[in-house]
Protein chains: 2
Amino acid sequence: MQTASADIETAANLLKLLGDKTRLGIMKVVSEQECCVCEFVELFQMTQPAVSQHLRKLKDAGLVRETRRGQWIFYSLNSDHPQFGFVRSIIERIPNQTYKLDELAAQAKRICCD
Amino acid sequence: MQTASADIETAANLLKLLGDKTRLGIMKVVSEQECCVCEFVELFQMTQPAVSQHLRKLKDAGLVRETRRGQWIFYSLNSDHPQFGFVRSIIERIPNQTYKLDELAAQAKRICCD
DNA sequence: TCAATAAATAAGCATATACTTATATAATGA
DNA sequence: TCATTATATAAGTATATGCTTATTTATTGA
C-alpha cells in the first residue's frame, strides 16, 4: 500500500502535467472527441513537434491512449488511468471546447476515417 | 466577459501552482487548520526560505491569506478566491494531513496564540 | 535598549520545461 | 517504387522553477 505522502506526490505530479494550457486543452478536447495530431496543430496553432511532445507526456503518464488509423494517430482519454476519477473531476470544470472542434469541421479540417 | 480560452489558461495556471508537492501539501494542511511558517518548516522538513517562497506564490495567487499574530504569521485558505470551488474540488481529493499536525502537537511543536 | 525569534527578501545556481529546427520513421496512393 | 503526408524523435536553446546561503525586517520580552 502506498503511503499518504506518496499519494500527495502522485497528485502533485498529475496536477503539474495538467498545469499547462496546451496539455489541459488537449485533455478537454479528447474528453469530448478523439483527435489526431494534425487537428491539435490546427486547434492550438502550434508546430507539430510541439504538439507531439505534449502528447508524449500525456501518453507516458497514461492519461491518453493512441490508436493508429492509417496515416493518422488518434488520441483519446484513457479512462483506465488509476487516478481517472481525479482527472475527470478536473476536466469537468474546464470550459467546453467543442466549439473549437466545430470550427475545424466548418473549415473541413477534421480528419475522418470511415 | 472572459473568453473560454482565457479561462482554460487561468485553470492551467492554477493547476501548475498546485502541481508541486510542497504547495499542494500546504494547501491541504491550511484547508484543515491555520498554520504558521515555522510549522510548515517542521511538517515538510524544508528550510524556512524555501517554505516562505512557496507561501508567497500561493499568496500572490490569492489562494491563501496571511494574518500576523504577534511574532508569527498564520496562513489560511482563502475561500473568497474566484476559483475557490475548483480549488476545493481538488484539495478534497488529496489525502488528509491532519495526522501530520497531530504529530507536531505530540512533539509540542504547534504554535498557539491564545 | 537589545538579544532572540519569526519571517521575508535577495542573489546565485542547477535543473526542468517548452519551445525551435532538422531529421527519421511510417503509411498511402499514383 | 517513389513522392507525399503524418507523426515521432533528436538536439539545441531560452526561460522558468525550486532550491541554496546571506541578509533584512518585524516582533517580543528581559
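A quick note: this is a predicted structure, and the numbers were derived from the prediction, not measured. Order of the sequence lines fixes the chain letters, A, B, ..., with proteins taken first and strands second; residue numbering starts at 1 for each chain.
- Remark: Ile73(A) engages Glu66(A), Arg68(A), Tyr75(A) in a side chain to side chain contact (heavy atoms under 4.5 Å, CB included) (not counting sequence neighbours).
- What separates CG of Asn13(A) from P of dT17(C) is a distance of 9 Å, to the nearest Å.
- Atoms CD1 (Ile73(A)) and C1' (dA24(C)) sit 14 Å apart, rounded to a whole Å.
- Here dA27(C) presents its P atom at 17 Å from CD1 of Ile111(A), a figure rounded to the nearest Å.
- Nearest approach of Leu15(B) to Gly19(A), heavy atoms of both residues: CB-CA, 3.7 Å.
- Of all nucleotides listed (dA8(D), dG18(D), dT17(C)), dT17(C) comes nearest to the side chain of Lys16(A).
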Could you check Glu34(B) against Arg69(B) for salt bridge (charged side-chain N to carboxylate O under 4.0 Å, His left out), going step by step and ending with a plain yes or no? CA-CA 12 Å; Glu34(B) 277 195 333; Arg69(B) 287 215 199 85; 2.9 Å; yes

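- Within the structure, every side-chain polar atom (N or O) of Arg56(A) is placed at least 4.0 Å from both OP1 and OP2 of dA8(D).
- Look at Arg110(B) and Glu39(B) and you find a salt bridge, because one of the NZ, NE, NH1 or NH2 atoms lies within 4.0 Å of a carboxylate O, short of that distance.
- Going from atom CG of Leu55(A) over to atom P of dA18(C) covers 13 Å, rounded to whole Å.
- Atom-to-atom, NZ of Lys109(B) to P of dT5(C) comes out at 15 Å; the value is rounded to the nearest Å.
- Residue contacts for Lys59(B): at a heavy-atom cut-off of 4.0 Å it reaches no nucleic acid atom on any strand shown.
- Distances were taken from every side-chain heavy atom of Trp72(A) (C-beta onward) to each of dA6(D), dA7(C), dA8(D); the shortest belongs to dA6(D).
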For a quick check, with a 4.0 angstrom heavy-atom cut-off, what is the B/S/- contact string for nucleotides 20-30 of chain D, read 5' to 3'? BBB---SSS--

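- Between Lys57(B) and Asp20(B), none of the side-chain N atoms (NZ, or NE/NH1/NH2) sits under 4.0 Å from a carboxylate O, so this pair counts as no salt bridge.
- At a threshold of 4.0 angstrom between heavy atoms, the contacts of Tyr75(B) are confined to the sugar-phosphate backbone, with no base atom among them.
- Glu42(A) has no carboxylate O lying under 4.0 Å from a charged side-chain N of Lys100(A), or vice versa, which leaves the two without a salt bridge.
- Between Leu17(A) atom CG and dA16(C) atom P there is a gap of 16 Å when expressed in whole angstrom units.
- Across dG18(D), dA18(C), dA7(C), the shortest atom-to-atom separation from the side chain of Arg23(B) is found for dG18(D).
- For the pair Arg93(B) and Phe86(A), the cation does not sit on the ring face, since its NZ or CZ is not both under 6.0 Å from the ring centre and inside 45° of the axis.
- Here dA16(C) presents its P atom at 16 Å from CG of Asp60(A), a figure rounded to the nearest Å.
- Residue contacts shown for Glu66(B) are limited to sugar-phosphate atoms, with no base heavy atom under 4.0 Å away.
- In this structure, NE2 of His54(B) is placed 12 Å from P of dT17(D), rounded to the nearest angstrom.
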